Every structure is written in structure tokens, then in C-alpha cells.
Colleague: 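Let me begin by handing over the structure; questions about it come next.
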Amino acid sequence: ILSTTSMPEASLPKDFLWGFATASYQIEGAVHADGRLDSIWDTFCRIPGKIADGSSGEVACDSYNRTGEDIALLKELGAKAYRFSLSWSRIIPLGGRNDPVNQPGLDFYVKFVDDLLAADIVPMVTLFHWDLPDALDKRYGGLLNKEEFTEDFVHYARTVFEAMGGRVKHWITLNEPWCSAVLGYNIGVFAPGRTSDRSKSAEGDSSRECWIAGHNMLLAHAGAVKVYREEFKERDGGEIGITLNGDWNEPWDASDPADIEACERRLEFIIGWFADPIYFGHYPASMKQQLGDRLPDFTPEEAELIKGTNDFYGMNHYCTNYIRHRSDPADANDFGGNVDVLQENKAGEAIGPPTQAPWLRPYAQGFRKLLKWISDRYGRPKIYVTENGTCILGENDKSRDEILEDEFRVWYFRTYVQAMAEAVGVDGVDVRGYLAWSLLDNFEWADGYETRFGVTYVDYEGGQKRYPKKSAKVMGEIFGELIKKD
Ligand code: PNW
């Protein structure tokens, strides 16, 4: 008889925290309620042409007025945890360390957390999911101003820890700083909409901005972690980390060493940019080599401040791409490691089926491989998958009844969660939680409301009423099969 006790198999640990994720500007609406002022996303949405359907987060899912409904939904779906973000503009509407705290804004989140806890749902709180108070952008250039931005962020973080530290045990400082930096300061498709190709003059070299923004976000993250550890950790007993986006890469030509190398370099440019300073205290060599002095340096004190600031690794992951190296030297505006990102390989084979987002092609084994890559490179950190999910090609053109039968999303979650359980049970990666993106269809940034990522349909014409899709209902079953009983 074969003993199965030592045979590795796909499984997830007993206390595994699974649930759903959202972000403030994408769901809350009520943008001027109870003292909230504009964030950079409110102002960005008013610029004609920036949002595909001309919309904004002004109403969104109206979650600010429907917290009871959202918590009941989470409960109904069996979620153990909920990841959401705080709107800095509700808590300190003008944003700065000398600006007033808006008590109703803070109270809203304290009550929300209490309600989640009463429903036995673990809150995972993101401090910053891209919605910077607009006043800080106007006052001193927002993320580009190292001293001002880092001090203001740390003050905001302390204000929040003070108010609800005892209730929250899982803190995420920043969501996907790569997106804030590259999409906001290089390509300009996200707020504040600055591009890298504006100037090389006395007023500055705009191709440096995204690297400066990234650098300053790392320092802001580190500053908040220091405050948490020194002033709150003992009292509150929680943990704190950053959430980074990262997709897996397969070589466009698997027989070309230059494409294989390009895959690794791309991972360093997306993930290593932030994770290397946090785990090693410096930027990846490949980035220094390509960017030269466009990449800021850390002073020895800064490097020391940043190193070791993750209690866990927050991982957002959606898809895999094919990567082809470029033979020409990198352009000054390049942010991706001088590669082409493709959805088909040299033989013309697609990595996965198309979705509503041109960049998103599902390939579940890529998730398993990236989990292992992160685990190996950073010394087997504790990982929370803080986002994973998909949109569906043409979903928004279908009737509500058809949208509710989202078999494609069910397939995505089944295969991705299975791949994660293989990474845990077979490869030994330490994953402790998984938050599906997203609880609700919501404001998908530059794509507006045309792209739906929710496991719950939101009827924007019908008073924001929520209808759980099939994918919402199968999640409990998927995790039930993989989480160990004892
Ligand atoms: C993440 N890309 O953003 C965000 O954290 C969510 O707020 C967002 O709704 C979700 O993914 C779905 O898009 C990304 O261009 C935005 O590669 C863009 C990219 C990746 C992630």
C-alpha cells in the first residue's frame, strides 16, 4: 500500500484567508459627501478623452451609502476576508500634515471595519490605491516631491493607525506603485496624466519622473512601516506590507537566449524595481544598467530604512505575456526593460484566450511559476494574493441574465486557484490568503464602466443593484475543496 502522507499535492493551509478586493475610488461614489474633497482621479476624469466612456467615480457602485449591502454580500458568498482601500481625501481632504482631519470621513471607515468584524470578516486595508488628494498635486507636485509627499503620507498613515489600528491586523501601504508611476507619469493614461516625452529642458527631464515617483513611493512605504512598527505594532499586533503588480513572462522564441533573458529583465523592471529595495536594499542591476542616472540613488540611510519593510508580500497577478527582446538600445522613455510584450509567440500561438482587456490573457500555470519565482528570489516570504481576476470579452454587451452565467470567469478562478494550490502544496510557496478582484463590477479607471471585473453584476441604470454572478457563488466551493480540514 502506498503511503500518501509524504506525497506533495495541491492544497491550501487550514486558516487560509480568501475573499474579495475593491478600491475606494472604484466603488464608493459619494465623492463630495461629508467633507470629502477631490482626489487626482476626480480631476483627471474631468479631462475630456481620458476615460473611455467619459465617466468617473462620482457615483460608481455607491458603496459609501451601501456598506450594509456589501457586507451582507460578502457574508452570503462565504468570504473570510475583504480587502478595500481608504480614500485619503475623506480622511484628510486637503491631504497634508498640517491640514485638518475630517472626522466624519475617518468615522465612516472605523464603523465599516467594526461592521466587518461583527460579520466575522477579516479587514485587509490598503492605505493608498492611487487616489491622492488633488490639493497635494497642486501644492507641490504630489508624488514627485520627496520630502513633502513622504511626510504627508506618513502623517496620514499614523492618523489611520491611531484611529483603527487595534481593529485591523493586515495593512497594505500602497497598491501597485508601478501603475502610479508608469501609467501616471510615463504613459499618462492614469492620473495625474503626465507623460515622459514632454521636456528635456531647464524645467526638468520628464523621462525621469516615473523613476522619481517610484523612488518616493518606496520611501513613503518605508516611512509608514517604520511608524507602524515603532508606535503601533506592539499595541495592535498586526502586519504591514506593500502590494505589487506582476505578470508572468514566457519567451517569444523559447530557443533564443536573448528572449529568455528578456523575460527575467522584464520581471526585474516590474517587480524588482520595488521588491529588490524592500528585500535587498538596492535596485536591480539590470535597471541601473539601462537607466543610468535617471534612476535615483538611495542614500545609505534610505536604503537601510527601506530594507526589510515587508511583513508579507502582497501580490496582484492577472496574466502572462510573451516577451521578445529588442536589439536596438533602449529609448530614454522605455520603462519595461527594452522588450516587446506580445500575446502570441513566434509560432503564432496565443498564450491564452482574449478578454476585454488587451493586456489580459489568462494562463494559470504562469501564476504558479511567478509564485515560485517570487518565493525563490525573496527568501520564501509570506504571500497574500491581494488581487487576481479577469474581465470577459464583450461581457458588457450582453444581457444581465447572460452576464450572470459567467462561465469564463468561473473557469479562470478554478484554474488559477488550482495553480496557486499547486504552488503551495507542491512547490512549497507560503501563500496565506487570496482576494479575488473584484467583489463588484466597478469603475475600471481609464476603461470606465465598459470593462467589468466583478463577481457581482452592478446595474448602473437600475439604482446600483447588485446581482451575484455564477463566479461569486462557486468561490466557496473552489476553496472548500482545496483548504485542508486539519
Ligand atoms: C489593477 N496593466 O490594475 C488594479 O489594482 C485594480 O484597481 C484594477 O481594477 C485591476 O488591476 C484590473 O485592471 C491594473 O495595464 C491596471 O497591466 C493596469 C494593468 C495592470 C493592473
Side-chain angles (χ1 to χ4, degrees), residues 20-28 39-41 44-45 51-52 55 57 60-61 63 83-87 124-132 172-191 210 217 242-249 266-267 269-271 273-274 314-323 335-337 339 341-343 351-352 355-363 366-367 370 384-392 395-396 409 412 416 435-456 458:
F20 303 92
T22 60
S24 50
Y25 191 68
Q26 296 182 272
I27 66 161
E28 286 179 356
S39 74
I40 55 172
W41 270 93
F44 185 71
C45 290
I51 311 300
S55 67
C61 308
S63 284
R83 172 181 181 240
F84 62 98
S85 81
L86 309 181
S87 161
M124 289 186 103
V125 181
T126 309
L127 293 173
F128 181 68
H129 197 123
W130 309 345
D131 45 355
L132 184 78
I172 295 159
T173 52
L174 310 175
N175 177 72
E176 301 188 348
W178 183 91
C179 285
S180 297
V182 170
L183 307 181
Y185 291 87
N186 179 302
I187 318 181
V189 294
F190 275 17
C210 87
M217 283 187 279
I242 197 168
T243 277
L244 304 177
N245 53 299
D247 297 325
W248 181 246
N249 304 312
R266 169 110 185 141
L267 287 167
F269 267 75
I270 311 277
I271 294 174
W273 178 8
F274 301 99
M315 174 186 185
N316 286 1
H317 176 79
Y318 287 89
C319 58
T320 294
N321 290 295
Y322 284 118
I323 300 297
F335 53 82
V339 304
V341 179
L342 304 156
Q343 278 77 44
I351 186 76
T355 67
Q356 186 63 25
W359 53 271
L360 202 171
R361 297 282 186 129
Y363 174 65
F367 186 22
L370 183 58
Y384 291 99
V385 176
T386 43
E387 284 180 29
N388 177 240
T390 192
C391 47
I392 302 177
E395 187 176 26
N396 196 43
R409 193 174 278 105
Y412 180 97
Y416 269 74
L435 293 304
W437 187 268
S438 174
L439 176 67
L440 303 167
D441 286 338
N442 58 45
F443 177 69
E444 178 54 20
W445 308 111
D447 292 335
Y449 295 95
E450 287 168 1
T451 301
R452 295 176 179 268
F453 268 91
V455 297
T456 304
V458 176

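Worth saying up front: this structure is predicted, and the values here are computed from it rather than measured. FYI, side chains are in, hydrogens and waters are out, and symmetry mates aren't considered; it's all heavy atoms of this structure. Each ligand, and each atom within it, is numbered from 1 in the order the structure gives.
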Colleague: Is the shortest side-chain heavy-atom distance between H317 and D247 below 4.5 Å?
Modeller: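 A side-chain contact under 4.5 Å exists here.
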Colleague: Can you spot which of T243, N316, T126 makes a side-chain hydrogen bond (donor to acceptor under 3.5 Å, both in side chains) with N175?
Modeller: N316
Colleague: Are there any N/O pairs under 3.5 Å between ligand 1 and the protein, and if so, what are their distances?
Modeller:
{"unit_1": "ligand 1", "atom_1": "3 (O)", "unit_2": "E176", "atom_2": "OE1", "d": "3.1"}
{"unit_1": "ligand 1", "atom_1": "5 (O)", "unit_2": "H129", "atom_2": "NE2", "d": "3.3"}
{"unit_1": "ligand 1", "atom_1": "5 (O)", "unit_2": "N175", "atom_2": "ND2", "d": "3.1"}
{"unit_1": "ligand 1", "atom_1": "5 (O)", "unit_2": "E176", "atom_2": "OE1", "d": "3.3"}
{"unit_1": "ligand 1", "atom_1": "5 (O)", "unit_2": "E176", "atom_2": "OE2", "d": "3.4"}
{"unit_1": "ligand 1", "atom_1": "5 (O)", "unit_2": "E387", "atom_2": "OE1", "d": "3.0"}
{"unit_1": "ligand 1", "atom_1": "5 (O)", "unit_2": "E387", "atom_2": "OE2", "d": "2.8"}
{"unit_1": "ligand 1", "atom_1": "7 (O)", "unit_2": "Q26", "atom_2": "OE1", "d": "2.8"}
{"unit_1": "ligand 1", "atom_1": "7 (O)", "unit_2": "H129", "atom_2": "NE2", "d": "2.9"}
{"unit_1": "ligand 1", "atom_1": "7 (O)", "unit_2": "W445", "atom_2": "NE1", "d": "2.9"}
{"unit_1": "ligand 1", "atom_1": "9 (O)", "unit_2": "Q26", "atom_2": "NE2", "d": "2.9"}
{"unit_1": "ligand 1", "atom_1": "9 (O)", "unit_2": "W437", "atom_2": "NE1", "d": "3.2"}
{"unit_1": "ligand 1", "atom_1": "9 (O)", "unit_2": "E444", "atom_2": "OE1", "d": "2.6"}
{"unit_1": "ligand 1", "atom_1": "11 (O)", "unit_2": "Y318", "atom_2": "OH", "d": "3.1"}
{"unit_1": "ligand 1", "atom_1": "11 (O)", "unit_2": "E387", "atom_2": "OE1", "d": "3.4"}
{"unit_1": "ligand 1", "atom_1": "13 (O)", "unit_2": "E444", "atom_2": "OE2", "d": "2.6"}

Colleague: To the nearest 0.5 Å, what is the distance between CZ (F274) and CH2 (W178)?
Modeller: 9.5 Å
Colleague: For the rings on W248 and Y363, is their centre-to-centre separation under 6.0 Å?
Modeller: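 No.
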Colleague: Can you check whether W359 and Y318 have ring centres sitting under 6.0 Å from each other?
Modeller: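 When the ring centroids of W359 and Y318 are compared, they turn out to be within the sub-6.0 Å range.
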Colleague: Answer yes or no: is there a side-chain heavy-atom contact under 4.5 Å between I172 and T386?
Modeller: yes
